[in-house]
Structures are given as C-alpha cells and as structure tokens.
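Notes follow once the structure below has been shown.
Atoms within a ligand are numbered from 1 in the order they appear, just like the ligands themselves. Computed from a predicted structure; not experimentally measured.
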Amino acid sequence: MFRYTPLALLCSAALVTTLSGCGQQQTSPQNATEVTAASTDNLALWPELTSPLASADTEKRVQQLLSAMTLEQKVAQLIQPDIRWMTVEDMRQYGFGSYLNGGGAYPNDNKNSTAADWVALAQAYYDAGVDATQDGSSIPPMWGTDAVHGHNNVMGATIFPHNIGLGAANNAQLVEAIGKATAIEVAATGINWIFAPTVAVARDDRWGRSYESYSEDPVIVKELGAALVKGIQGNLGSDFMQSGRLIATAKHYLGDGGTENGKDQGNNLDNEADLVRLHAQGYISSLDAGVQTVMASFNSWHGDKMHGHQYLLTTVLKQRMGFDGLVVGDWNGHGQLPGCTNTSCAAAINAGVDILMAPEDGKALYKNTLAQAKAGEIPAARIDDAVSRILRVKIRAGLFEKGNPAQSEFAGKQQWIGHADHQAIAAQAVRESLVLLKNNNQLLPLAPKQKVLVTGDGADNIGKQSGGWTLTWQGTGNTNADFPNGRSIFSGIKQQVEAAQGSVELSVDGSYQQKPDVAIVVIGENPYAEFDGDIKTLDYQAGKNTDVELLKKLKADGIPVVTVFLTGRPLWVNPELNQSDAFVAAWLPGSAGQAVAEVLFKTASGEIQYDFKGKLPFSWPKTADQSPLNQGDPNYDPLFALGYGLSYQDKITVANDLAEQINSIQSNSDSLSLLDRRPAAGYSLMLQDEQGLVTVTGNKAKSADQSLSLAAVNWQKQEDALLLDWAADSKAKLVLQAATPLDASAYAQLVVDMKWNSTPTAAVTLAQSCGADCGGVLDLAPIFATKAQGQWHKVVIDLHCFAAKGVKLTQLQQAFVLHSAAAYQLSISNIRFTPAAATADLSCPAA
Ligand code: BGC
Ligand code: BGC
C-alpha cells in the first residue's frame, strides 16, 4: 500500500532533510515526500516536530565513524541476537551492534545471577564487540533489556507496580523517580538500554498487555510515558545520559492497544485521525523528552504489519515527527512480514526498521542481510541511514566515553539491586495506585488491634502480586524465595497488626482457628504476558468459583470482608463485589506488598496513615461482554467510570445485588480448553515417574528421575508448544491433572496438536484416569503410521475410545497422560475437549 522509496532519493541535492547520511539541515514538511501522494494525504494530521538533540558535532562524528566501516561491520550493527543464542565468540566474530536478554534470560541461564555475574557477561560481550583485531568495528555494543516494572529479570531487584497501577496513581514525578531508580538497577548489571516505556493506550481490556498500558486515556499515557523516559535517560539540558542514565524505548509503535477484539499482535482498524489522537500521544511526548529508540509493533494497521510500514515508520515518525534515533524491531517481528522469514527480511529494513530483533537467528539473518545489501536489495543509503541512527544513539548515550561496562559507577554493585531508596519509591507507588471501589459502612480503614484473618491465594504470594515480566517471561514459576527484597501483602498486614497487639492468621483457604473480627481476602489473576493473557470476555476466570465460595463462607459466618483484587485489568467481578464489604483494585503492585497494609490500616492510635488516592485508569465493566469500554463511547455505561476511586471521606454505598448472571454471548465456545500454552484454571501439568511428581510451572522441566524433559518451544507463536523428550526405558509420563474430578461426558472428542520427526520405535500411549484402578490406555501407533513426520497435525480422538477401555468420563482426574516406552521426541500443543466435529484418527468400538 505504501511504496518503498529508496532513501537515496530523499538525500538528493534537491531535497533537504535531516535524515542521517543526508546532511544535517532541518526538515521542511514538503520535502519528505517521494512516497505516493495518496499515502501522505493525511500527513498534516501528524504534528511536525524536530529532534530536540540535533547537533552538527554529533553528525560529524557519525559520519567519521561511518566512513571507516566496512559493509560487514555496518550490517552487524543492524542485527540483535538474544544472549541465549549468542556466545561471546559469536560477538567477536560478527561484531553485532546490540543484543538483548528476553524475558527470563539471565547470564549462564542462572536465575540467581548477581550484579557481578551480569556485569561479567556485559564486559565479555563488550570486549569481544570492540575487538578490532577480529572483525569487530570498535563500536561499543548496546545491551537491551525489558526492565518494564523495575529490573524485572534480576533476582532481588525492586519490582514496581505494572503500568496500569502507575496510571491509577497518575503521578508523573513518581514515574520519573521510578525510571531513574530502574535505570540505576539496570546500570548495576552493566546493561545500557531499557525496552520501556510501553506507551500503548489499551482500548480493549481483553488484550493480554493491558497492564503494560498506563490508561485507556491518551492524556495520562502521554504524560506518564514521557516521565518514564526522563527518569531513564535524564532530562534534556541537565542530566541527560549522565552516569546511571540509560537509553529508553517507546513501544510498540504504533496502535498496539487498539487492535480488534483486543487481540495481541492483531489488526488496528482506527482511522488515521484516531491513530494520532489515541495511539500516537505517548510517542509525541516521548520524542519531546528525547527518547532515543522506538520499538516497532507486531500489530497491523488496516492489515499492513507495522514492521513493514514505510509510511508510519519513515514518513511519519522519522520525517514528519523528526525522530532521528533508531527504530528497533520486536522479537522476530520482521519474520511476520509477507515474503519474510526470521532469517531474511530486507522489507523491514527498507520500511524503516533500523535494528532487527533476531533472538535465535542472528547469524543467519546477518548473512542474508549482508547478501541483500550487496545485491542492492537494501539500498546502500538505507544501510547508511540505519547505521547512522545507531551510531547517533550510541554517541548521545555516551557509550564511547563510558567504555568498559565493568568500570561504570554502578556496575556490579549489588547494593543497588533492590536498594532501600528504590523500595521506598515502590512502596509509595503501591500506596498511590490502590483504587477503592467499594467501602460500605466505612469498613476501611481498619483498626490494627483486632483479630484479622488473611486469606486467598494472593495473600502471601509475591509472584502473583508481581504478574508477568517478573523473573520469567510469563511471570510463572516464582516463589516468595525468588524475591529476597520483596514483601508479600500478608507480611505487611502481619507487621501492622502485631505491632498494635492485634492478632493475625494466614490461611489460604479461609479456614480459621479463632473467629476473626475481619477478613482480608487477596485474590485475582495469575501471571501472564503478551498474547498469553488475551481473553475472550472480561469474566474473571482465575478463581472464578472458588473465590466466590470463600467469600460466601466468610459472609455466612458473619465476618466483614475486605477483598484485595490483584489484576492486570478491570474484570467483571460482580459476584465477588456483592460478597465483599470493601473492595480494592490493587493491580499488580510488585515487590512492595507491605504498602497495601499501610493504606488499609489505621495507626494503633486511630489515625489514618495513608488515604486512597488511586483513580481508575480504565473503565470498569458492568457486564462481562462489555469490551471495548472507554470513556467517550456513545452509550458509555460502566459499573465504575474512568477516574472513579473512593477516599476515606466518601460515604458512598455500592449495591450488594449487582447483576450476576452472564448471558450466552459471554460464555466461551462449546469446547473446553485444557491446555493452551499452559494448563487451564483448575488443571496442573506434571511429569510423573516412579520417583515422584514434578509440577511444571515455567518453560522447562525434568521429571524426578530426569528421564523425561519438557521445554516450551515455538510453533505459531513464541513458546506455544511443548517439546517432550523421553530417554530410553523412561517410566515418566506427562500428566494433565484436574484439581477436582471433571465431568467430560458432554464432550465427544479430545483434540491435540502434535508434531514428530521420526516414527516411534516402541509404543507411544495416551491414557486417561478416573482414580485408583479406573482408567484406560490407547496406543497411538496408527496415528504415527498414517500422518507425515516433520509437520503439525491436529490429532482427534473420540472420547468413547477411552470409555471403551474403562474410563468413566464423568469422573476424569487425569485428562491426558502421555508416555513413550522408547527414546522419543514429540511436540504437543492445545489440548481440548470438543463436540463431535472432526473425523477421528483412531478407530475403536462405539461405546
Ligand atoms: C515484546 C517486547 C519485548 C521483546 C523482548 C517482545 O515479545 O513484545 O515488548 O521488548 O519481546 O523481550
Ligand atoms: C522468550 C522471552 C521473550 C519473549 C518475547 C519468549 O519466547 O523466552 O525471553 O521475552 O519470547 O516475546
């Protein structure tokens, strides 16, 4: 739709531009237009901006460096591998311009890595990268990391509330302080580039990244996004890029929060005026604050993927809005362009992506990109422009002067990781982010000197209160021991209550020894990230039935109930609201869980410590199918509007009889998903052998006897499949276990996606069990015999095949038990029960 124009044209004598490699003059709007006329009709909708950091000296230095570089060295600047797929020797050989550690990537694959371990790796890559005796170009590399709520891949780091909570606090100075503290913790690990802020304006809360968005309101995003940029990079004209300040990234450009149905990586259908009005505001303010990098988004705009969008990347961002920093692609985002793969994509570079994020395939992508550059498929002027942008950012960030990562002021100093000053900022952020939705009869604030029951699965669970992007990509698999500087919500309550001679009892299931005076119930969503958090309706799923039962039981016992709801977005929780006297939206507060109690409790002498300040940054739904729901909608009818939030002065009563029924559009499809990247609520995935049971929580696991290993692998998306690897004679099985027996009799078929690369040499079996001595086993041999190797198949099995072997479908306990008797590798994905819909792959007697 938007024709690519070689930038050489834009640099011709007749056209004066600020594009690097084309001179340093100011842009005038008319000149940036070799793009087809039709595409630029709306260009006037975009603000015309100039780079706040343009400097002739910098440009001179860029040109000097550039002119000394070989094409090989230039292309290496454009490629960004992940530390898990790039050795130090690779760095020495290729001289990559940057690299990243994705979510859950640490030095030596060790979650417990210290600041010194991180710096050692940074120094090793740096030495290799600037090693001019090899093929390196003596240009310091950049290391990018997703420090999106503190330095969240690092053990012991301060974990700040996710952006949604900061949107509720809506305090720009606080956000700037968070940016500064985060940058210092990142600097302590020798890393110089942060992939934050996310300036998405989430408009449909079903989106799995809603919590990364400050607000549905672009005004809030605009202000807070720029504040984080200033915190990370420092302020223009004063402490910009001084010691402890790092490179920031505004992401994901553009329109990620406005996709249809809130689908991650989906299609945004807004018109161009809305794109500017809603989704571009955080970029406009970030550019003004001097943000040096922008990350391209996975999403499309009217069907065109952003990584290939020359108009939005080049014409709008770089030319019209004067952005002279660099555009980095997202994780293999280039590979999603038509005609591209993860290892080859001239189109993304030609459209205006300057660095391709190629976590696994950096070397192959380098080779193909070099060939494309040599063949002129990527014009030399485009390569020079991209490299100039990268050099400009490195110069402005002071990387040439900062030199050895190990020698910088903060490097390797463990005391900065989780520093007390940073934790104090985090605690303030938590206090200010809490939104009081309901406080009937002014139950809150609580007197500390009473008998307090603390219950719910979030009460003493720092992993749950921190959410996704915490030590692991999805934020799953963490225990309190993984947060040496973190405090749970319970720990803060205990401290407050005991200091005032009250008593506190913790019980996840709500049972108690002594009847409490009040119960604090901490419940909510379990961690997720990106597309894995996409949902079909806003109906609260994680503890759907169990939480309401817990609340009802407390209510029946006559105990006043305060619910603290941990969540990445507003959800339909009418049943839970009805059972609660007070209800607090606590979002995903992070490691300073103790701060919740500082707001809930009065001092021993009866004074309020901190009042509620948080206001809803997103509209709260009245029905589960009410999404999108945004202030300004024609029939806007939320349960609680944008900006709502009670304080202790308010005497507002929220009805206890909010509608609880869900109509049919709101219920999900007629099939039942048991495992979709991770087990559905109520199921757990385990590796079982004669030595015991191992519950799978993260993206890798081994059975107790080590004979079966499991690793999350990529199929259609990142880590959406499981690779199972059995050793010879393994007794280990993969088991999907239901927490309470499942009645599957309404379903007809079990469907699972599978891929294998060789025919098994012994039986591979699939079983179900319905308790001790109740179950049945099927041999999958006919499936392997009839379907091709090396590709994915939808494997369909009639449930009556299990019934015929003795399985009671009304009482399933283990819904899926997979075993191989010989050494074998098999990938699986998406286990579900469905109505009779497809031809079955096994024949077996009718039930
Ligand atoms: C996410 C980005 C992130 C990148 C690197 C991507 O999948 O969309 O936000 O910066 O991974 O981990
Ligand atoms: C990786 C993470 C990364 C994410 C980005 C996953 O496959 O393991 O490190 O952040 O993809 O989407």
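Between the side chains of Gln474 and Glu719, no donor-acceptor pair of N or O atoms lies under 3.5 Å. Between the side chains of Asn332 and Gln718, not a single donor N or O lies within less than 3.5 Å of an accepting N or O. Judged purely by distance below 3.5 Å, without hydrogens or angles, the side chains of Asn163 and Glu212 never pair a donor atom with an acceptor atom.
Residues meeting the side-chain hydrogen bond (donor to acceptor under 3.5 Å, both in side chains) test with Asp482, sequence neighbours left out: Lys111.
Ion pair Asp146/Lys251 flagged as a salt bridge, since at least one NZ, NE, NH1 or NH2 atom sits closer than 4.0 Å to an Asp/Glu carboxylate oxygen. Note on Lys318 versus Asp354: salt bridge recorded, some NZ/NE/NH1/NH2 to OD/OE distance being below 4.0 Å. Taking 4.0 Å as the cut-off between side-chain N and carboxylate O, Asp753 and Arg832 count as a salt-bridged pair.
Of the heavy atoms in Glu212, none comes closer than 4.0 Å to ligand 1.
Protein residues are said to neighbour a ligand when one of their heavy atoms lies under 4.0 Å from it; for ligand 2 these are Arg84, Gly102, Gly103, Trp331, Trp469, Trp473, Glu530, Gln718, Glu719.
Listed by atom number, the atoms of ligand 1 under 4.0 Å from Lys251 heavy atoms are 2 (C), 3 (C), 9 (O), 10 (O). Those atoms of ligand 1 that come under 4.0 Å of a heavy atom in Arg209, given as number and element, are 1 (C), 2 (C), 8 (O), 9 (O).
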